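Read the structure below first, then the notes.
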Amino acid sequence: DIQMTQSPSLLSASVGDRVTLSCKASQNIYKYLNWYQQKLGEAPKLLIYYTNSLQTGIPSRFSGSGSGTDYTLTISSLQPEDVATYFCQQYNSWPTFGAGTKLELK
Amino acid sequence: QVQLKESGPGLVQPSQTLSLTCTVSGFSLTSNSVSWVRQPPGKGLEWMGAIWSGGSTDYNSALKSRLSISRDTSKSQVFLKMNSLQTEDTAIYFCTITTVLYYFDYWGQGVMVTVSS
């Protein structure tokens, strides 16, 4: 199995901050990396697919980057509605998810 | 518009079989693939398996021995059956449209399943 490690597990930031979430794979996943946002009591929502492709309807303050084993989700200016848990997911064999980063307001 | 809705029993006894249904609308199961993904309370996500638009299936190797996914295209329904349930199978179970690049772009609301006697 490919293991996905997300850091940090908890992140506190202020409105307007630039926020960076990290995801590291246990082996090369060739950019097959997706990001989801999950708000409390809701289903996950796809934000970014194939490392840096923004899903339709997602605000442009969300962006993704990375290659090999290291990937990043960036929120350019944090908004109150961005409070959520963020999961990365790889597909190089069968899909596996990271444990999530919980983003809260400072 | 695209919709998925999971249904099934909220409570299952240990060692019994779980049967869930995902009823979809706004798209065709012969043109789209559906996965089941579960999430234990307060924990992360686990992909369980998928049924592809052509009808073939793929399963998480950790669950393969006790999991079956099927569909009825005429009723726009996808089914999950998993046997030998244990307390660690307690989770919210989601169905989700799965693309060929294995990202999940539409999700149902999820159904909570508790395994308990």
Side-chain angles (χ1 to χ4, degrees), chain A residues 1-10 21 23-25 29-58 62 64 66 71 73 84-104, chain B residues 1-7 20 22-24 26-27 32-52 56-65 67 69 78 91-113:
Chain A
D1 288 17
I2 296 177
Q3 309 300 318
M4 306 300 293
T5 302
Q6 291 188 243
S7 61
S9 55
L10 175 64
L21 286 65
C23 180
K24 186 174 183 68
I29 56 171
Y30 304 97
K31 295 193 172 186
Y32 289 108
L33 191 285
N34 310 314
W35 290 96
Y36 301 83
Q37 175 193 68
Q38 187 178 32
K39 296 183 179 180
L40 199 62
E42 297 183 4
K45 177 193 292 186
L46 177 67
L47 299 176
I48 302 277
Y49 61 94
Y50 197 56
T51 294
N52 57 14
S53 295
L54 192 67
Q55 173 69 344
T56 303
I58 301 302
F62 291 93
Y71 298 84
L73 174 70
T85 300
Y86 293 82
F87 294 97
C88 62
Q89 173 244 320
Q90 66 80 27
Y91 171 56
N92 195 41
S93 51
W94 70 76
T96 55
F97 294 84
T101 292
K102 185 175 182 179
L103 178 58
E104 62 178 27
Chain B
Q1 88 247 36
V2 171
Q3 289 188 321
L4 303 91
K5 186 169 184 179
E6 307 87 349
S7 59
L20 297 176
C22 175
T23 302
V24 309
F27 67 97
N32 294 270
S33 305
V34 172
S35 284
W36 287 94
V37 174
R38 68 178 180 176
Q39 184 173 36
K43 296 190 178 180
L45 299 158
E46 179 182 36
W47 175 78
M48 301 179 71
I51 186 161
W52 296 101
S56 63
T57 53
D58 281 315
Y59 298 109
N60 185 324
S61 62
L63 301 172
K64 189 173 185 176
S65 64
L67 180 63
I69 298 174
V78 176
I92 300 172
Y93 287 75
F94 297 98
C95 57
T96 170
I97 295 180
T98 305
T99 69
V100 293
L101 290 182
Y102 256 121
Y103 57 86
F104 309 110
D105 55 359
Y106 290 92
W107 295 66
Q109 64 191 22
V111 60
M112 180 69 202
V113 175

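Computed from a predicted structure; not experimentally measured. Just so it is clear: chains get the letters A, B, ... in the order the sequence lines come, proteins before strands, and each one is counted from 1.
The contact between A:Gln38 and chain B is made entirely by side chain atoms (from C-beta outward), counting heavy-atom distances below 4.5 Å. Neither the backbone nor the side chain of B:Thr99 comes within less than 4.5 Å of any heavy atom of chain A.
Every residue two or more places apart in sequence or in another chain that forms a ring pair (Phe, Tyr, Trp, His ring centres under 6.0 Å) with A:Tyr50 is listed here: A:Tyr32. Shown here are the side chain to side chain donor-acceptor pair (under 3.5 Å) partners of A:Tyr36, two or more places apart in sequence or in another chain: A:Gln89.
The line from CG of A:Leu46 to CD1 of B:Ile97 is 11.5 Å long, rounded to the nearest 0.5 Å.
A 6.0 Å sphere centred on OH of B:Tyr106 holds no more than 12 heavy atoms belonging to other residues, nucleotides or ligands.
Your options are B:Thr96, B:Val37, B:Leu101, and the one with the most heavy-atom pairs under 4.5 Å with chain A is B:Leu101.
Here the closest non-hydrogen pair linking A:Ala43 and B:Gly108 is CB-O, 3.3 Å. Between B:Trp107 and A:Pro44 the shortest heavy-atom distance is CD1-O, 3.3 Å. Closest heavy-atom contact between A:Asn34 and B:Tyr103: ND2-CB, 3.3 Å. Here the closest heavy-atom approach between residue B:Trp47 and residue A:Trp94 is recorded as CZ3-CB, 3.4 Å.
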Stepwise, does the side-chain contact (heavy atoms from CB on, under 4.5 Å) test hold for A:Phe87 with B:Gln39?
-> CA-CA 12 Å; A:Phe87 294 97; B:Gln39 184 173 36; 3.8 Å; yes

